[in-house]
Amino acid sequence: MRTFAHAHEVIPKKVKEGIEMRVLVWSGKLMITQVSFKKGCVGDLHSHPHEQISYVVEGEFIYTVGEEKYHMKAGSAIYVPSNVKHQVEALTDAVLLDVFTPIREDYVPHSL
């Protein structure tokens, strides 16, 4: 459990080249992460049992959920249901906030 964080004080985890994630806070059944992308980076197509909401803090993405593609800009948000394949492609340097329920146990830092 982490109930308070300042993003710049959280050590980022490299997801893949050009993509970094900071696990900000989590407790109970809710978690929020900040994911930074370099222009042109594409996240892996994946699904998970967690419900997810993504919010674009800055930049632009093509966000694929199931068979639908969405052009998302700063201020856009999207809901991803459980077990639905999804993927993002950064059209610019960009930042997402991802909210999960329940928490992603695989994302919980073990050094705390």
Is [X] linked to [Y] within one hydrophobic cluster, defined over Ile, Leu, Val, Met, Phe, Trp and Tyr using a side-chain heavy-atom separation of less than 4.5 Å?
{"X": "M21", "Y": "F61", "result": "yes"}
{"X": "V95", "Y": "V10", "result": "yes"}
{"X": "V25", "Y": "Y107", "result": "no"}
{"X": "V56", "Y": "V15", "result": "yes"}

Side chains of residues 77-84: which donor-acceptor pairs under 3.5 Å do they make with residues two or more places apart or in other chains?
residue: Y79; atom: OH; partner: E51; partner atom: OE1; Å: 2.5
residue: S82; atom: OG; partner: P49; partner atom: O; Å: 2.8

Validation: residues 27-44 side-chain donor-acceptor distances under 3.5 Å, sequence neighbours left out:
residue: D44; atom: OD1; partner: K16; partner atom: NZ; Å: 3.0

| field | Closest non-hydrogen atom pair between V23 and P109, with its separation | value | CG1-CD, 4.2 Å
| Heavy-atom pair of closest approach, residues D98 and F100 | CB-CE1, 3.7 Å
| query | Heavy atoms, side chains only, cut-off 4.5 Å: are V88 and L96 in contact? | reply | yes
| query | Within a strict 4.5 Å, meaning less than it, do heavy atoms of the E20 and K13 side chains meet? | reply | no
| message | Other residues, nucleotides and ligands only: do more than 12 of their heavy atoms fall within 6.0 Å of NE2 on H46? | response | yes
| note | Residues at least two apart in sequence or cross-chain that pass salt bridge (charged side-chain N to carboxylate O under 4.0 Å, His left out) with R104, listed by chain then number, are D106
Sequence neighbours left out, cut at 3.5 Å: what donor-acceptor pairs do the side chains of residues 66-74 make with other protein atoms?
residue: K69; atom: NZ; partner: T64; partner atom: OG1; Å: 3.3
residue: H71; atom: NE2; partner: E60; partner atom: OE1; Å: 2.5

| note | Sorted by chain and number, sequence neighbours left out, side-chain contact (heavy atoms from CB on, under 4.5 Å) with I11 holds for none
| remark: By side-chain contact (heavy atoms from CB on, under 4.5 Å), E9 pairs with (sequence neighbours left out) H6
| query | Side chains of S76 and Y55: donor-acceptor distance under 3.5 Å anywhere? | reply | no
| request: Nearest 0.5 Å please: distance from the CG atom of L97 over to the CZ atom of R22. | output: 11.5 Å
